[in-house]
Each structure stands twice: as structure tokens, then as C-alpha cells.
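Worth knowing before you read on, the calculation uses all heavy atoms, side chains too, and leaves out hydrogens, waters and symmetry mates. In this text the structure is predicted, and so the values were computed from the model without any measurement. Residue numbers start from 1 in every chain, and the chains themselves are labelled A, B, ... in the order their sequence lines are given, proteins ahead of strands.
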Amino acid sequence: MSYISLSDNDLKEMLTAIGITSIKELFNSIPADIKLNRDLNVPGPLTEVEVVAYFENLANKNLSLDVLSFLGAGAYSHVIPSVVDYLSQRGEFVSPYTPYQPEISQGTLQTAFEFQTLICQLTGLDIANASLYDGASGAAEAVLMAHRLRRRPKILVARSLHPQYRETIRTYVNNLHLNIIEIGYDESGCIDLEKLKGSMDEETSAVVFQSPNFFGSIEDIQKISEMAHQYSALSTAVIAEPVSLGILEAPGILGADIVTGEAQSFGIPLSFGGPYLGFMSCRKEFIRQFPGRIVGETHDVEGKRGYVLTLSTREQHIRRERATSNICTNQALCALRATMFLETLGQEGFRELAWQNLQKAHYAKGQLSQIKGISLKFNGNIFNEFVCEFPKPWEEIESILLEKKIIIGYGLENEFPELKNCAVICVTETHKKEDIDKLAAVLKEIT
Amino acid sequence: MSYISLSDNDLKEMLTAIGITSIKELFNSIPADIKLNRDLNVPGPLTEVEVVAYFENLANKNLSLDVLSFLGAGAYSHVIPSVVDYLSQRGEFVSPYTPYQPEISQGTLQTAFEFQTLICQLTGLDIANASLYDGASGAAEAVLMAHRLRRRPKILVARSLHPQYRETIRTYVNNLHLNIIEIGYDESGCIDLEKLKGSMDEETSAVVFQSPNFFGSIEDIQKISEMAHQYSALSTAVIAEPVSLGILEAPGILGADIVTGEAQSFGIPLSFGGPYLGFMSCRKEFIRQFPGRIVGETHDVEGKRGYVLTLSTREQHIRRERATSNICTNQALCALRATMFLETLGQEGFRELAWQNLQKAHYAKGQLSQIKGISLKFNGNIFNEFVCEFPKPWEEIESILLEKKIIIGYGLENEFPELKNCAVICVTETHKKEDIDKLAAVLKEIT
Amino acid sequence: MIREPLIFEISGEGKRGFRLPPLDIPVTINLLNEVPTREKVDGFPQVSETEIVRHFTRLSQTNYCVDIGFYPLGSCTMKYNPKINEKVAAMDSFVRTHPSVPLKFSQGNLEILKTTEELLSEITGMDAFTLQPAAGAQGELVGMLLIRAYLEDLGNPRKIVLIPDSAHGTNPSSAHLSGYTVQEIKSNERGTVDVNDLARMMSEDVAALMITNPNTLGIFEDEIKKIAGIVHSKGGLVYMDGANMNALVGHCRPGDMDVDVIHLNLHKTFSTPHGGGGPGSGPVGIKSILEPYLPVPLIERHGEGLHLNFNPSKKTIGRIRGFYGNFLVIVKALTYILSLGPQGLSEVAEIAVLNANYIRKNLEKDYHLKYDSPTLHECVFSDKFQKEHGVLNIDIAKRLIDFGMHPPTMSFPLIVHGALMVEPTETESKRDLDMFIAAMKTIAIEAKENPEVIKSAPHGSYVRRLDETKAARQPVLKWTPERTD
Amino acid sequence: MIREPLIFEISGEGKRGFRLPPLDIPVTINLLNEVPTREKVDGFPQVSETEIVRHFTRLSQTNYCVDIGFYPLGSCTMKYNPKINEKVAAMDSFVRTHPSVPLKFSQGNLEILKTTEELLSEITGMDAFTLQPAAGAQGELVGMLLIRAYLEDLGNPRKIVLIPDSAHGTNPSSAHLSGYTVQEIKSNERGTVDVNDLARMMSEDVAALMITNPNTLGIFEDEIKKIAGIVHSKGGLVYMDGANMNALVGHCRPGDMDVDVIHLNLHKTFSTPHGGGGPGSGPVGIKSILEPYLPVPLIERHGEGLHLNFNPSKKTIGRIRGFYGNFLVIVKALTYILSLGPQGLSEVAEIAVLNANYIRKNLEKDYHLKYDSPTLHECVFSDKFQKEHGVLNIDIAKRLIDFGMHPPTMSFPLIVHGALMVEPTETESKRDLDMFIAAMKTIAIEAKENPEVIKSAPHGSYVRRLDETKAARQPVLKWTPERTD
Ligand SMILES: Cc1ncc(COP(=O)(O)O)c(C=O)c1O
Ligand SMILES: Cc1ncc(COP(=O)(O)O)c(C=O)c1O
């Protein structure tokens, strides 16, 4: 299949108009010695029927049907209202570029403005951007921003922050030669507040922590922020499961200065890890150091309200090497989906969603913790994830459950050698009581 | 789920504005003795998640996956370009009413005008309407129209016309007390021209035949039309598989006066039988008796081209009991899909489609006819269907093949007792060589 | 705004919008030697996929629709079409089933059909349903044929069908198609059927009364039982046009009003989208006396399974279409019924009636209301006040377009001259209702102060007022290559 | 036209757009006793599903997009996005796989990723690819971090990155983020890298040259091998910004030009839609010397199966994001590559270049072209002629909107003042090109005869020219309940 729209005749007329006899002539500026004088070694062309068959074949290799999964750990299975798919696939949303021409991009821009508003409402902070790549790179951008704001060499990072986010931060800041100090966790699964206190000082730009954290435990944002503020370090909260914000107090209200995270939970399918949706918000005094596109409200020459990309003097296309971030293309369509998701659920629906996650996860936690041999690794408060320790090697547990068509959770020992035979189990509103009971029943049998 | 858009407060304000205290008061005009004083005994309400689960469960009961089917007989499996689904589901096409207000319905109207043009090009006739319910009711409307035009009591109907179409004609004209005479078929599977000739006379309004007919045989439209015209009866061709028109001469060119049929083949999925797409075209002198909506071109007050529903003095909302048909809502969205389908395939693609059907069906016919015990029932020219006679009882053949996950075709003996152990087999571009070879191999084994 | 050409006008040799996989069998030549064939379909366009997508995306944007805004087209019940309906109806298994598969391959589909029949029976209080009719008008035809078959069976199909003068055009048309002569019954000053007139006209020549309830004025025929009694007493049957069922659902049932036959429009009351003119679905509900006459095939429960009965009784009116009905439309309607449940369904009628009365209350001083009877889900204003300034209902309609709204129905009821039939439905927000009311009030003022602005409307649409007379007088019904435009 | 409110402005207590199934477990109260909670998210809207659908349908129609028309936004390669890509990427199995499933549950997905890596290597002539970067800019960062890691490994990461003055803004920004100081190289009068300037600036402090080829003027850097030679001779590496790969695909390969690292934009060359600003995908291709540094995880073939290697070598730059890349975007790009095949891909470049040259030829008398070198897939005009009449590139851009077209790029290259960078892409019809040419010619005439109509443009859009200065000076970045508007 080719997507060319020229007829045979058009082609001839255009060559004549240009004054050439063959398209090849237009490539004369490419030196002969670097021209590729053969066809690319690429399969195809495939027609629609063939390409669909090709991918159906691959899809079948995924074997993922009918499995009952309790995987979370940074990617969450939530309900998606039918209107989100229906509306977000409209060509007018899918096929424009970044809204450089606001007069013909109000759909994208107004939606982004609504997204920013929703993120501020969720996080309790003043300003939000129009999206970042994902939670991990968002965390890295937050560290860079905090460092630009405070210019101090020390960054405290909770070990209970998603390991991929920690690694990404490390990659992004590697050449800044910062002193990244990892702060462990205590028996609640939360950041070790004593250790945090001990590490915090005038050299510290920020403390970065996740809540609910990678183990599912809810951090004490207030305490952490107080400790940070004592040295005017920035309290940087990462939210990987923002459905929790339907029931947990806004981090900004509790003292966080920067809130960043992953909003995949908001209407973005699991998609084997991407595209997802990074978001970030902060206090308004940090705006000059804030990364990413921002949409603002203004008026047209007739006084009609409209929206534009604004404060772009922070950005690469104006400021070049002095930009607050190199980001250009972000995750606009994912932000659109998140906006649709949140607005469709609405205040009541979102509250209910959070509440059901909380209830179901606690029900599961209760059921599992009663099973002989299985223990809860941590005693902190949780939202929709928690860590279990199993009496048998994790690999064995995992594979026995797979035979029963259950993916029980995310094994921790690769990334946390100290958490042998432990796994994070995630329960959301998508799990029915019978799913949870089945998990418990199977586990009872095998432990 | 409810789709109400009033807030609690709106409701109060509206009651106040109307001057009542409860909505119930608005129903006072319904006498108490016919009020339903209980809840309807209907399940639900179901949320989206639940309703999807409900229907997935039913979908699974269909057991239709992975079956290799050679069913045609009035409903055909053809490729559907991805753009057809993508574009036809746009809210702007799906959610308007019939275009009574042309100024805000040009999308629907221009598409219908293009549809009419395509149908005229396909059928070789002057005018086409914007759609009818389906092929069967289209055939009935054609008979009614022919009778209005000729006012003669006799209608000759080919026995090789789709039995459902024949039955529908009978139902529609029952109270007109017409003399419906069935004309049999010969060893080619085509209408028995001798018998036709013998039955044709000055009392005949029309001859109605299908080509390719229900057995797949291509009728001699020219001869049939000549016979009809000799008595100025109307040659009425029914096309149930209009993909054939990509390679067969237009019936209008061959003498048909009315061409009607089923355009499900054009981008409409099989859908367990509906919604499908009836179409009709005829010579322009019949326009006053033509049923259904028609779109015409005109101009607006500024001279801009535009489209409107026209010639509505034929229709029920103007002419009431003297209308040419009672049709009101038709199958507009199906016609839109057909328009997209044909325009996407285009002249070349449509020719190729017809050609592949022809080739594959003949390949299959060749393979099957070589199998000992299986014989071709008819020797006529075919397009993509043909009739095989099996050496064993049809039920046995059908069920053995079902075990091999093959639906071999449409068994004829219920509707044609004279065709014992016969079935119509349909082969389209969707069948791969290996599918056909598999059918042949399995049949070889069991016959 | 760029004017969108006809696809034929951008066609060009060599452009392709789609390709089939290459033929995977040996080619045989001369397969159709004796048959007249053609090299290509003359005039068929050749465009690229890019051009197809732009053509239809641009065209789509010239359409107004329910997904865009308020659509108070009376009698059409243009409610919001839930997207979950579309999602369910797009499930592979529903979309891909061939209608002639062996029964065990379609048990799920048959269950959907049977369940819908049963639920519609409960909702309407009828004894049985056929889901076959493709739309309301075909439902009417089926209903009248059932009545005819029943009467014929009793010895005399009779000659006349009585229809109120306020009825929709399909009613007389369908009656005629069923072989009956139509006689009109007058409406009384309340806007309802004149019972005396009816009694006078009712005879043993009359096969049936076709009545719409609430009628097309939105008024409930409160004497319906009396009316039915009169008809029944002379051996006739009562056919109810159920297009206005949105006013009643959950509150009263036609079956309880002594109605013998009813059709519903699933594309009205049951939220399936209208698609710019279909596909719809017009199921017919009946009392048990009519059951032997139902069209074939019947869907029957046999123990665990479901079965299609193609030969239920000699009395059947026969077949009225191919296969079993507009299946995917029925899937959507069932999705809707289950989504709403009993309270949701009854709330539909409540809010539909509330919204209509809110509009009526707000506009009854500005626009003439011929009948002051209480109305349910719609009400019919007229242009009587505005006509004094030379402004007709069509002008008001066109002017509404400038306010971003769809106009009301104007083509009927014929008993209200210059009708503006307004049906807001239950899914509209107060904001939309208020915007409509404000627009109508503005237009009422404009009619006095600046009638020209109304008569030259619409001003802002993709095309302005179109010359419908020219279209009918010099019909151009297809594109031809000779044209230059 | 009705102005679309913010969703917050139509919110109302009691409206619901969605419902969850009821909780099916016993409720436990006081689960979060010690944790600060909230009753609700303040300010969150409450609207119906009807209102959601209308809100976004209406908003969508205020967007211009590729599905609507010509979008010659230079450097952005706004080609048609095939719908089959969307269909494939929407397959259940791709959409629903959790990224952390055991490997045997994702073999199909991994095969897609690996195949795409391999095909991109073949297309670009590079040795290996990582598909992780979420967009071009992240690709640049990864590419520069790879270079840095490599040089560090050799003992010295070096300090400077050279970038031509015509480069896109992300180039210097990414170089900076990777810890380098940026030095600009001048373009010569041909519009290409000044080789002498480069030779002068190249030193053992220079880590890399970031070059775009064809450059942002659309001109092929024909001395690329010489340039690479100069850089390599001092131990530096050559980074190529592959955003303009649409001009080259199938005709020459960066790997054959001695380029060491390249990023591609799948959302440009490989037809994945831009989504109003993403998601994109910016894969990075490398020569084998950089392989030890690739970000984790690597996708590796192990016999029959595929495997994710999270700890390939100590030398890896580490992780640059969560999981494995924008998977669904990659699925779309692979669909595109397979759909086109080798000839189709090479035709892409041919027609893209043809279309651009057709426009150039037709407009070069009307608009100033600073450089007269041959151009490939795009060309950069300027407003020099029009400026004499007070008309700037932005005015021309806004005026184009009135003609129903998207304006060209204006924000760069910085070396052309008042730039109008026009990239038509290969999917456009001659009719669209001709309409654009005609519009531009009309504007050129208007600039002389009626400059005001240009300067006050656009006239017909949903909003007219917006006050961007106000937006930046008095930032309003979210809705708050206090506002009245
Ligand atoms: C009152 C009434 N009856 C019957 C019909 C006919 O229904 P359909 O258009 O589905 O054939 C309509 C539809 O407009 C109607 O409003
Ligand atoms: C030349 C060039 N380089 C890099 C980029 C950045 O790519 P992205 O927007 O995908 O981050 C762009 C995109 O605008 C570009 O045009």
C-alpha cells in the first residue's frame, strides 16, 4: 500500500512544471558514493489484509488472554469509559501537530488547559504543565528542576521510589555529578524518617519520594515536607498511582513543592508500557524553572476567550541550550485521554473509583494475610498495593500460579535483594470478589 | 447508567419555573386506571463494565470463531478497508436524523448523491435512490413499482430468485391479488427461457429475476429483457451480489428497466443479517413512481452548490396514502459505508475485487468438481457461487464438515425440495488458496 | 471555507485507495466468454486513501448532529446515543456472524433477539414481539398486514382504516399499502381524537384505527380505552403508532390500554442512533390473538437452546425482509435497556416530559400554541404570531441554525398550520434548553423588529438557504462527467 | 458559532458521566485513620455523558488537522496517518499487555520491538537501535549520553558539542542537558555547514557534531563524509538529527555517511500521528562502537524466544524512562514500514521531494528564497518581499488559515529571518499543492494591495488572532471557581 495522492498525469505535469524529466534529478545533490543503489532489505509491501494477519499472528504469541493478573508496580489496570476511546480517536485530536497555531487548535489547547486544571486540583498545587513523557522521566525532570532552583549538590531519593524512576533520575543527572543519596525504608514500608532527618542538610536540593510508594505504603508527606522545608529543600512527591488522589489529601496541601508522576491510570491502556503520561505541578513561584509546555488563557482581537501555548521563553525553541528542558513533542493525546477520563468520571465517580480500589485492596490484603505461611512484609497504610512475603522461593510461587492462570504480582527480589520471596500485589476496581477469592484459594492450596 | 444531564439544582429550578412540585404532576393526563403502578420487570441497571460482560458472555455462545465458511446465498464476506470503519463511526455521520434541514446536513446529502451516482454507474441506469431497507424488500418495492407503472395483473418471478426475496414479494403484494407466476430454471441453473417466453404476455407487468442468481448462475439479461420488452413488460433485475458488477456488464445496458438489490457486499459486515442495504435504480421516465428518498443537486442563495432531499411529492410525508412507498427511515448509514467502500476501492480496486472473486470461485469449482461423487448441479456461467450435489445426505455432509470446522455452504433442499443433497458454495477474495484446498481435501476424504 | 468537491471531481488515473492481497491461485483466462462483461465501471472514481479520509472528514463536519448539540426535532426523539451501545454492537462475534450459520453458531445472537422480544413485551404490555421490521414504517406495514390476516381469517379483511388527522404520513401510507382505504378522523378542540366522530365513522367495514399515543401534538389520548372500546365493539382492531413511547416508558403500557398492535422505533425511544436516516428498527408488538400471523421466522426457545422456526403456521403473513431484522440495531437497544434498568427507563419519560414542559412554559407567550391541553414529551407551537410579520415556521427554523441549534419538525401534524414541533428528549442539559429558549425568544423579537434577518437565514452555515424548488423542477440526481461546476 | 465553555463551567451537583459496578465485597470503614484524606477532589467537574461527548466533539471541530487538509508545517513531516496503523495498534492483545508480565506473555510484543529495531537499522544503515526514547528530543538526549559514555570510557567525556546555526532548538538543549557546552557553526552561503569553520572549531575538546541532514533548509549536506572525517579525525563523533529522514528513505542511509548516532522521529517519517503534540517515538540508531552503552533493557533474541536484558553491561547509560518505549507508537510505525515495503519507502522520499520542489518552483518568484541550493523535501521561504509592505511571516501564516490551510513553520531556522518553512510531504494531492500555491500567490498580491487584510487575519476561524503577549504577561494557567468569564 502506498499513500501517494498523485495521478499519473499529475506526476507528468509536475515534472514539466519543475522542468525536469525524472524525479531522480531532484536527488542530484546527494553524492553518488553515498547513494543506496539497491532496494532496502525490508519485507512488504503488505496489503491491509496481510498486515492485519501478520500482527494477529504476533498478538497470539502474547498468550495473554484469560489470565487473572494482580500486577501493578507502576502500570495499573483500571476501567476506561467507552467515551474515552470513542472521542479520543477522532481525527481532529489524533492528527494535528503541537498547537503552534492557536487559532486553529483550540480543541487541543482548551483540553490541555482543562488537564492542567485537573492536575492542579488533584495535586493541590498552583500550576501544572501539559504533560511529560512518563512518570520516570517526570521524576528526573523534577530533580533537574529542583537542582536548578536550589543549586545544591545533594538529592535524597527514597529507596521506596519506583526502581525505574530511580534509575532514570540517575541517567538524567549523571553528568551533573550530584550526590544522590538513597534513603531506606522502615518496617512500615515507608521512607525511614530518622535516616531522612539525618541526611537532610543545607546541601540538599530536594527529597524525592513516592506515595503511595513502590511497596504500596502511603508516605507521611507532611512530615517529609516539614523536614525538607527546615533546610528549604524541596519536597518532591512522585505519584505513580494517581487514583489514590481521589481519597488521599492533595500532596501540595500536605507540603509538597513539586508533584510529578505517571497518569497512565487515567484512561490510558496498559499498552505494554507505553505511551503513558507524565505530569508535573509545582508552586507558582517556580514557574520560570518549570519544564514542558504550558497552556494559558487569553483573548482574541474581538475579546473572545482562547488558549495558547505560553511562557515559551522557558523552552528549547526559544531558549535553546538554556531551556528548562529539551522536551518538544510530549504526550498530548494521552493527556487528552486522561482529561476525558477524569471529566467523565467526575467528582463522584473518581471518589468512588478511589474508594473501591482502597476497599478491594484491603479485602485482598485481609484474605491473603490469613493464609498460613504468607505474611505482610510491611505494616504501613496502603492504597491499592501491598507486599506479601511467601514461604517458598518466589520463582516457584510465580510459576505455580501461572499454571493456574494467575499472575500474582511483581516479584521484588531482582531490584530489592533484601526482599527475598516478596512481591507487590495490586488490586483495583477491575478485580471482582471472586478473583480475589480465587487467588486466596489457590495460594492456600500451595503454601 | 442514566444519560440525564440535569443537576439536582436544575431539576428544582425547572419544577419551580413550570410551577409544580413534582414531575408526577406532569403525567396527570394519563388516566389512573392505565398507569403502571409498579417497576418494569426488566433487569439492570447495568454499568458499562457489567453490560460488556453480559454481551461478551452471549458473544461466546455464538461459537463462531475459527470456522472456515463458504456461506453466501445473499450475505457475502468481503474485505472492508480500515477507513470505512474509521470514518463511518464519526458522530457527525452516526447521530443526525434524516437530512430534513439541508443547510446543516451537507455531509449526509452529498454522500447520498455520490451513492446514487455510484449505483447508476454500477447498474447502467439513469436514477437511483438513497437506499431501501434491504434486497428482499427492495425486490418487493420493485414489483409494486412495476405494477404501478404497468397496471397489469401478472408478475413473472424466477424460481432462481433468492427464496427470501420471493417470499417478501409475496407478502408485500398479497393484498393486490396479483398473479405471481414462478418460472423455473434449466440445467444451466438459469431461468428457463422457453417457459419465460411462454408465460410472457400483455397481462404481464414485469419479470423479476436475479443475476447472478441464487444458484450463482449468471442470467442472460439481454434475452430476458428482450422478451419482456416485446410486451412492454418491465425487466426487473435483482442483484444480490453486486461485486459481480465489477466485471459483468451493467444490467441497464443489457436492457433491464429496474435494477434493485442488496449492497451488503459493499463494506457492510455480515452482522447476522442486518442492517443491510437495499438499493434501486431505474430509467428516468419512471421517476414519479420511484420509491424512497432521492437527493438532488441545487444551489443556495449565493450560488454555492448544495444537495437536498428532492422529489418528495412522491413520499409519505407529502402524499400520505398515495405515496410511492411508505418508507421513511431507510439505511442511510449503510449507504454511507457502501459509498466509502466503493470510493476507497475505486475503479481499479473494484475491478480487481470482482476479478479475484471470479477467479477463486472458479478455482474452487474446478477443485470440487474433480472430487469423485461430487457433481456440479448446473452448467451455467457463474461469478462467485455455484451449486454442488453430494453423494450423501446433505445433513450428513454438513455435520461432518462442521466437525472439521468448515461450514461448507448453504443447503438447498429446504427451500428447493427438488435439489436434494445440493448446496450453494460461495468463494470470495477472503478465501485463501489453502482454504479452498482444505475444503477440497476434506471433501475428498469423506465422499 | 474550502468547498468540498464531489469525489468524482478529484479522481485521477493511477491513484489507489486500497489494495487487495495478490491473487494466490493460478489465473484462468476467458472464464466468462459467453457473458457480456466490462473492463471497468465507467465513472468510478480513483483517489488515494488520504483523499478519502479528507473528503469524508470534511463532509462530516458540515453535518449537524446529536453529538454536537441540541436537536429538538419533534417526533424523532433525538436523544443522546450512548457510546457503549456502539462498542457492544461492534463486538467481533456480532459483526461477523453470517445469518445462515448452523444454529449452534448463533445461540448468543438468538438469545439477544429473544431477550429483546421479551423485554419489549414487558415494557409495552404486549404478548409477543417481532423484531424484523427495519424501521417504523415497515413496522406499520407488518402491523396492518397482521390485522388484515386476522380479519381475513375471520372471513373479511374489511376495507377501511381510520386515522386521525394529526397522524404521521407513514400511517396512511402503510394502511394503503396493506390494501386499505384511509378515512381521516377529526381531532377535537383538545387536540385529541373526537370520540363522537370516531363512533360515527366506526363500522364493520373498518378494519382498524391507527392511533398515536401520546399523539403528535404530545397530548395523551386520555380516552384511549373508550376509543378502543368503540373500535373493538365493531370488530375492528387498534393499532398504536409507538413512535412517542418515550413519553410513556415505565409509566403506562399500550397493552394495558387495549391496544392490539404497536410498533416501536428503537432508533427513537431506545437510543439507537439515526445514522442520518437509518438503519433503524421498528419492532411490532401484538396481543396473542395475532400471534398465528407473525412474520417468519419465529425465534423459539426449545429447552436450553434457541431455534428459528421458518414454518410456524400456515397463517403467517410470510416474510417481510431478508433474515431476522436489523440485528446490530437491536443489540444497541438491548444494551440501552439493560444499562437503564427499570428506574432508568421510567426516569427517561419523566425527564423527557419535564424538559418539554419547561420549554413550553418558557415559550408559550412568544409562540402560539393551538391546543392548551397538557402535553407530555413534546409540544407543537406554530408561527401564527410571527406570520403577521411575514415570518414562517421555515424561516424560524433556518434562523435557529444561526444559533447553533437544530430546528423543530415542521412537516406535520397537518392540523397545525406553520407547525414547530419541539421535542427536547431527556438527555438535554438545562443549559441547552435555556439556550434554545433564549434563541427562540430572540427570534420572536427579531420577527417584529428585523424580519429580514430571519427570512434570509441561515447566515453562517456551510451553505445558505438552498433552492429546493429548483432541485425538484430540474432534477440533477447524479454526477455525470459532462458537467462542469 | 456556540462558544464552548470549560467543562468546569457546566458542572452541576448530581450529574454523572459514568458509573462503576457496585462494590462486591463487604465494606470496611476507617481504613485510613492515620492518613490525611479528602472527601472529594475540590473543583472536579460533574457532567453527564451527553455533555462529555458534546464538549469534546465540539472542541475537536475547532482543531485543524491532517485528516482535514494540507499541513505543510516544515520539519514536522505532517503526512497522512494511515488508518490501518490505528487499527493494528488497537488490537486487544497489544493494548492490554501489562509491561511486567512474565516474558512468555509478551513474546509477540517483543518480536514487534525487535523487528522494528532491525528494520530501522537496515533503513538507516546503522548497527543497532534502541526504541526507548519517547520523542525526538529524548532521542537526542540518549544519543548524546551514549557519546558521552563512550568518550568517558576512553578517558575524557570532552566539553563541547558543535551545532550548526540552522539546527532545531532541541539540539542545543539536549547537548546542554548531556553536560556539554554548545558552540555554533556558521552556515555558508550555500546554506550548508561551513567546512572551514568546522575544521577551525574542531578540537579534542569537542565531543561531537550534531548535524541535521538534509538540514532544516531542506538542503542536503553534500560534504557530509568530509565533515564526518574532520570530526572523527579529532576523535569526536557525529550525531545526526534524523527528523528529515523523509527526504532520504530508500535513497541513502546515514550509516553510509559515517554518522555514528542518529535519532528518528517515528511520528514524522514513519507516519504515526502526532496527536496534537504526542505521543511520539524517537528511536536512536548507533554504530557498534556505542553498543555497550545502550540504555536498558535490551531486547535480545535467545534461540526461538526473546528476552529482556536488564543488566547487559556495566557501561550502559542506564534507564531513560519506564519500561520499553512508546510501544503502541512503534506498532504503528512497523505497520507502516511493512505496508510500504522497499519500493513504497523509496517512493515516499521521491514524492516528498517532488512535491516540495513543485511548490518551490511555483512560489520562488513570489517569496524570497535566501539560499538557491537545490532542496529536497522542504524549502524555506522568507517574508523579505512582503516585509516591505509591513507584512511579516506570522501575518502570512495567519492569512493562510483563512484559505483553509495550515501555515508553514516560522520558529526556525534562525538563519532565515521571517522564515516560512514549507514541507508538503508525499501524501498530498496536486490539487492541494495547487490550492496552497494559489493561496500563497494571492497573499503575495494582497501584501502589496491590501496588507491590512493579512495583518488582521485570520478572519474566519473559531477564534481570531490571540493575544499571546497577554497570555505570557498575566498568566492564567488553570480554571478557578472565582473566575467569571
Ligand atoms: C409518529 C411517527 N410515526 C412513524 C414514523 C415512521 O418511522 P420510521 O422513520 O422509523 O419509518 C415516524 C418517524 O418519523 C413518526 O414520527
Ligand atoms: C529537526 C528537528 N529535530 C528535532 C525535533 C524534536 O523532535 P520531537 O518533537 O519528537 O522531540 C524536531 C521536531 O520538531 C525537529 O523538527
Per-residue contact mode, A:E343 against chain D (heavy atom under 4.5 angstrom): both

Side chain / backbone / both / neither for A:V83 at chain D, heavy atoms under 4.5 Å: side chain

Under 3.5 Å side-chain donor-acceptor pair for D:H55 and A:E114: yes

Side chain / backbone / both / neither for A:N41 at chain D, heavy atoms under 4.5 Å: both

A:R170 portion near chain D, given a 4.5 angstrom heavy-atom threshold: neither

Contact origin within A:C328 toward chain D - heavy atom pairs under 4.5 Å: both

Within the 6.0 Å centroid threshold, strictly below: A:F272 and D:F323: no

Check: D:R319 main-chain N/O paired with A:T171 side-chain donor or acceptor under 3.5 Å: yes

Region of D:V296 in contact with chain A, defined by heavy-atom distances below 4.5 Å: side chain

Evaluation steps, side chain to side chain contact (heavy atoms under 4.5 Å, CB included), between A:L58 and D:N109: CA-CA 7 Å; A:L58 290 175; D:N109 296 345; over 6 Å; no

D:S106 side-chain N/O to A:N62 backbone N/O, donor-acceptor pair under 3.5 Å: no

Residue part contacting chain D, namely of A:V94, when any heavy atom lies under 4.5 Å: both

Derivation of the side chain to side chain contact (heavy atoms under 4.5 Å, CB included) call for A:E103 and D:R465: CA-CA 6 Å; A:E103 293 83 1; D:R465 210 179 291 196; 3.4 Å; yes

Side chain A:D300, main chain D:R464, donor-acceptor under 3.5 Å: yes

A:E398 versus chain D, the contacting section by heavy-atom distance below 4.5 Å: side chain

Test item: A:E297 side-chain N/O and D:V476 main-chain N/O as donor-acceptor pair under 3.5 Å: no

Among the listed options D:D256, D:L20, D:N81, the residue most often paired with chain A at heavy-atom distances under 4.5 Å: D:L20

Verdict with supporting geometry, D:K40 and A:E348, side chain to side chain contact (heavy atoms under 4.5 Å, CB included): CA-CA 7 Å; D:K40 55 176 197 257; A:E348 288 270 337; over 6 Å; no

Interface moiety of A:I407 toward chain D, non-hydrogen atoms closer than 4.5 Å: side chain

Among D:P475, D:A471, D:P407, residue most engaged with chain A (heavy-atom pairs, under 4.5 Å): D:A471

Under 4.5 Å from any heavy atom of chain A - which part of D:L145: side chain

Segment of A:A128 engaging chain D (4.5 angstrom heavy-atom cut-off): neither

Chain D contact via A:S131 - side chain, backbone, both or neither, heavy atoms under 4.5 Å: neither

Residue pair D:H274 / A:S95, side-chain donor-acceptor N/O under 3.5 Å: no

Any donor-acceptor N or O pair under 3.5 Å, side chains A:Q101, D:K398: yes

Under 4.5 Å from a heavy atom of chain A, the part of D:V88 involved: side chain

Top contributor to chain A interface from D:C76, D:P273, D:G318, D:A134 [non-hydrogen pairs under 4.5 Å]: D:C76

Check: D:T427 main-chain N/O paired with A:S5 side-chain donor or acceptor under 3.5 Å: yes

Residue, of D:V66, D:I320, D:V463, that accumulates the most heavy atom pairs under 4.5 Å with chain A: D:V463

Option that, when pairs with chain A are counted at under 4.5 Å, heavy atom only, ranks first among D:N63, D:L59, D:D67: D:N63

Under 4.5 Å from a heavy atom of chain A, the part of D:F310 involved: neither

Side chain, backbone, both or neither of A:A73 within contact of chain D (heavy atoms, under 4.5 Å): backbone

Which portion of A:D10 sits near chain D, non-hydrogen atoms under 4.5 angstrom: both

Atom group of D:L73 that falls short of 4.5 Å from chain A, counting heavy atoms: side chain

A:F55 and D:F94 aromatic ring geometry - parallel, tilted or perpendicular at 30°/60° bounds: perpendicular

Proximity breakdown for D:L376 and chain A, heavy-atom pairs closer than 4.5 Å: side chain

D:Y71 side chain to A:Y97 backbone, donor-acceptor under 3.5 Å: yes

Proximal component of A:E429, with respect to chain D [non-hydrogen, under 4.5 Å]: side chain

Under 3.5 Å donor-acceptor, A:R351 side chain and D:R38 backbone: yes

Partner of D:D24 under salt bridge (Lys or Arg N to Asp or Glu O under 4.0 Å), chosen from A:K433, A:K432, A:K360: A:K360

Which portion of D:M78 sits near chain A, non-hydrogen atoms under 4.5 angstrom: side chain

Exam field: side chain A:N381 to backbone D:L32, donor-acceptor pair closer than 3.5 Å: no

Contact origin within A:I18 toward chain D - heavy atom pairs under 4.5 Å: both

Structural part of D:K361 lying under 4.5 Å from a heavy atom of chain A: side chain

